[in-house]
4 protein chains.
Amino acid sequence: MAERKCGTLKSTKASENKKLKRNRLYDAAFELFSRKGVNETVVDEIVKHAGIAKGTFYLYCKDKYDLVEKIILKRSAYVFENAMKALAEQNRKSPMDFTGRVIFFIDYLIEFFKQNSNLLSLIYKNLSWSLYEKAMNYEEIGEAKQIFLRHFSLSGSNAQTAKRRLFIVVSMVGAVCYNSLVLKSPYDIDDVKPELYRCVKKILAG
Amino acid sequence: MAERKCGTLKSTKASENKKLKRNRLYDAAFELFSRKGVNETVVDEIVKHAGIAKGTFYLYCKDKYDLVEKIILKRSAYVFENAMKALAEQNRKSPMDFTGRVIFFIDYLIEFFKQNSNLLSLIYKNLSWSLYEKAMNYEEIGEAKQIFLRHFSLSGSNAQTAKRRLFIVVSMVGAVCYNSLVLKSPYDIDDVKPELYRCVKKILAG
Amino acid sequence: MAERKCGTLKSTKASENKKLKRNRLYDAAFELFSRKGVNETVVDEIVKHAGIAKGTFYLYCKDKYDLVEKIILKRSAYVFENAMKALAEQNRKSPMDFTGRVIFFIDYLIEFFKQNSNLLSLIYKNLSWSLYEKAMNYEEIGEAKQIFLRHFSLSGSNAQTAKRRLFIVVSMVGAVCYNSLVLKSPYDIDDVKPELYRCVKKILAG
Amino acid sequence: MAERKCGTLKSTKASENKKLKRNRLYDAAFELFSRKGVNETVVDEIVKHAGIAKGTFYLYCKDKYDLVEKIILKRSAYVFENAMKALAEQNRKSPMDFTGRVIFFIDYLIEFFKQNSNLLSLIYKNLSWSLYEKAMNYEEIGEAKQIFLRHFSLSGSNAQTAKRRLFIVVSMVGAVCYNSLVLKSPYDIDDVKPELYRCVKKILAG
DNA sequence: CATGAATGAGACTTCATTCAT
DNA sequence: TATGAATGAAGTCTCATTCAT
């Protein structure tokens, strides 16, 4: 009887419980996907690490690949949000020109991925255009892109050129990071950084 | 006497047959790996397409992943060899400066991968530092790298900086091509090319 | 309330079902292992006979050889337990001296294996010292050994000698049974029995 | 032309060569069968070790199991022949009674198998009544059995009893050796020997 | 909502045997 | 007689997904 009264309370508790389970699932999956790769991680292992039943897995996602995308989007949004906040804060303290702001933003991401190369690896290995588009629909992520493009449109540049230039910068920085941090190429990211930023500046210089 | 002749003929026929089989295997596997991805391609399908028996598959490679590497290395060496030849030929006809030669080389590769984006996809999705090192041990591939670095050493630049600059250029070009040609991002490679080459020039300019 | 009852019922039903499946698996595997040998029995056949899916097989054992051991240990323990019970019962009805009890015990086993030579065959063909040790950790099996040794220690004999004598008796009886019942040597076990028991008595006589 | 003349010589050479190949095949197979077991040894490995081609394997035996039997019979005959010779020699030097001769013979075999437990293992693991009968048709092996039985018939004993007694002794000694030398039971053969010979004597004593 | 036993298609790989040379 | 590349049936085991409870 008491139980019936607590209907609302119960559902709240249940939904909290659900959220908790989802987080455990996401974290366990991320840890395994990063460490072993998506194909090499089996659902059995994920649910065991998450402490949930196998059937429950399919209550939270369509399949393993759907889960990868969800995790990537969630974590990427989080990083971008923080990067934007840090940029705003820094800019408030000591205003920077456009190139300075871009470099600051890139540097923030590089420093983050230096500590979280797992995530970078996961993103790169599961990249697709469809995922990229989904990401752009996230407010936290798409905003950065818009700011970049707006600068060029304000400075009277051709919008197409601006987009392509962004595309090249992102490709370049991403690839260099991936090679350095994930493929463990012999080029340490800290050694490459000066040269990399020099390149970014040159490209942006128009 | 007839017998002796037969002996030679025999072994020739057999080894020709063997070569033929290997090529059929490599081609069938490449077609499937490119079209469907390595993990999604099953050995059964490869051998059916190649018209060989399943057991024969394991006569030519340790397993599916060994085959991927063999195919990538073989095809990459082939492309690089041709690119080097074309560069030499073109340079003979109308000599170019260093930057011109680099751009020519890059352009040759881009044009090739435009027609063979399957190979580019296969390479990227199976890239690892170990594979990269194996590639560099191929005369046809490693040579291009050496030529690039030699230029910088001759021009009195710092060797470390030269290597890093090469690393950045390769990362950038590779990523742009991959995104354009494989991920089918909305940026057509031909539209991006001018901007891309402008970036390459700026980076090389020192 | 009804729900709570259901809960118990559910788990009972499920676990009963599970036990049933396991027994079907064990029985089918035993039948095939005995009739055709372990190596000649394929998992496909076992699961077909047991009426379970292939995957289910690996829910109950690591592999085919793990299953053999499990079956041998389970059945051996069962036989030994019954032999001990029969011995106790018989001794209660008409008490026997030590040698008499040993012969009774051996005779019980021989009569059992006469009807179940399949099991004897399976045991012998998959015998190893490690399996022997696992068997000795079974209460039902190890106990018989202890009783035998205790007799000698009580009668003041050397413990080492007792153990070796047991070892010889077990080896002898086992081999004679195996040759007679499994290898189908022309020596019928019933014809050899008198001579065999005479040997046992002589050996035990000290 | 010269070749044709040498017909006889050639065939001799060829047959010598053939014999050599057969020996290499037998020795390589024995080494592998002993070390890894018959089922775990693949034909490919045998021929590689023997330095012959795969197809040649089937020129010398029907299949792997046929080869095992051939090897066992050949080696067993060799051991028995030597044991008989040693017994005759020893008996000439200092004549022994029947039991003494049996023990000498057993001891010779045990000492041999102590150095060649591989062979004992191979024999036991591939024992069948049909193989036993083939062995008895070998002069070198069957003779020992006949001598044993003749003794009993001369001493007026029942022939059936004699055969059974032999059967029990052989079973007992064989099993004890197998357990000690092959299964590596904790009972060292040298420790068990005195007790074992005591048992043999008691059994033979009638 | 949650569970986890059961499923079974299908993956990879091995290897005894054949047969054209 | 000798070869060894080719065969392909047969083997073991995995794992995403379902569904009765």
Side-chain angles (χ1 to χ4, degrees), chain A residues 10-11 14-15 17-18 21 39-48 52-60 62-65, chain B residues 3 6-15 17-18 21-22 39-48 51-65, chain C residues 3 6-15 17-18 21-22 39-48 51-65, chain D residues 10-11 14-15 17-18 21 39-48 52-60 62-65:
Chain A
K10 259 174 84 190
S11 66
S15 89
N17 191 17
K18 193 178 163 165
K21 276 204 173 151
N39 278 309
E40 288 65 35
T41 300
V42 301
V43 175
D44 235 353
E45 215 175 352
I46 300 174
V47 299
K48 216 185 298 178
I52 63 172
K54 217 167 178 177
T56 312
F57 178 92
Y58 292 92
L59 256 34
Y60 290 94
K62 203 170 66 56
D63 59 25
K64 216 168 57 170
Y65 302 97
Chain B
E3 283 179 354
C6 261
T8 324
L9 200 67
K10 264 190 220 169
S11 62
T12 306
K13 230 178 153 180
S15 86
N17 197 347
K18 191 175 168 168
K21 283 232 160 106
R22 205 191 54 196
N39 278 308
E40 288 66 35
T41 301
V42 302
V43 175
D44 248 342
E45 217 175 348
I46 300 174
V47 299
K48 206 160 62 182
I52 61 172
K54 218 165 181 179
T56 311
F57 179 92
Y58 293 94
L59 244 43
Y60 290 99
C61 58
K62 206 171 63 55
D63 58 27
K64 211 169 60 170
Y65 301 97
Chain C
E3 283 179 354
C6 261
T8 324
L9 201 67
K10 263 192 222 166
S11 64
T12 305
K13 231 179 153 179
S15 86
N17 197 345
K18 190 174 168 170
K21 284 232 159 107
R22 204 191 54 196
N39 278 308
E40 288 66 33
T41 301
V42 302
V43 175
D44 249 341
E45 216 176 349
I46 300 175
V47 299
K48 206 163 60 181
I52 63 172
K54 218 165 182 177
T56 311
F57 179 92
Y58 293 92
L59 244 43
Y60 290 98
C61 57
K62 207 172 63 54
D63 58 26
K64 211 170 59 170
Y65 302 97
Chain D
K10 262 174 83 189
S11 66
S15 88
N17 192 16
K18 194 178 163 167
K21 276 202 171 152
N39 278 309
E40 289 65 35
T41 300
V42 300
V43 175
D44 236 354
E45 216 176 350
I46 300 174
V47 299
K48 216 185 299 179
I52 62 172
K54 217 167 178 178
T56 312
F57 179 90
Y58 292 92
L59 257 34
Y60 290 95
K62 203 169 65 59
D63 60 25
K64 216 168 56 170
Y65 301 97

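Quick note: numbers below take in every heavy atom, side chains included, and nothing from hydrogens, waters or symmetry partners.
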Inset, instruction - Apply side chain to side chain contact (heavy atoms under 4.5 Å, CB included) to D/Tyr58 and list each qualifying residue two or more places apart in sequence or on a separate chain. - result: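 D/Tyr58: side chain to side chain contact (heavy atoms under 4.5 Å, CB included) contacts with D/Val43.
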
Inset, instruction - Report the residues that fulfil side chain to side chain contact (heavy atoms under 4.5 Å, CB included) with B/Glu40, sequence neighbours left out, ordered by chain and then residue number. - result: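 Checked B/Glu40 against side chain to side chain contact (heavy atoms under 4.5 Å, CB included); matches are B/Lys36.
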
Inset, instruction - Would you give a per-nucleotide map of nucleotides 11-16 of chain E, 5' to 3', where B means the base has a protein non-hydrogen atom under 4.0 Å away, S means only the sugar-phosphate does, and - means neither? - result: SBBBBB

Please state how far atom [atom1] in [X] lies from atom [atom2] in [N], giving the value in whole angstrom units.
X       : N     : atom1 : atom2 : result
B/Leu59 : F/dG4 : CG    : P     : 13 Å
A/Lys21 : E/dC1 : NZ    : P     : 11 Å
C/Lys48 : E/dG8 : NZ    : P     : 14 Å

Inset, instruction - Identify all stems in which DNA chain F takes part, counting only runs of at least 3 consecutive pairs (Watson-Crick or G-U wobble, each distance under 3.5 Å), and give each as one range with another, ordered by first number. - result: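 Output for stems: E:2-21 with F:2-21.
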
Inset, instruction - Only counting residues at least two apart or in another chain, list the ones meeting salt bridge (charged side-chain N to carboxylate O under 4.0 Å, His left out) with A/Lys48. - result: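 Here no residue qualifies.
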
Inset, instruction - Can you sort out the partners of D/Asp44 under salt bridge (charged side-chain N to carboxylate O under 4.0 Å, His left out), two or more places apart, ordered by chain and number? - result: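 For D/Asp44 the salt bridge (charged side-chain N to carboxylate O under 4.0 Å, His left out) partners, ignoring immediate neighbours, are D/Lys54.
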
Inset, instruction - Answer whether the closest heavy-atom distance between the side chains of B/Phe57 and B/Asp63 falls below 4.5 Å. - result: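 Answer no - side chains too far apart.
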
Inset, instruction - Output yes when a side-chain donor or acceptor of D/Lys64 lies under 3.5 Å from a complementary backbone atom of D/Thr41, and no otherwise. - result: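 Side chain of D/Lys64 to backbone of D/Thr41: a pair is present.
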
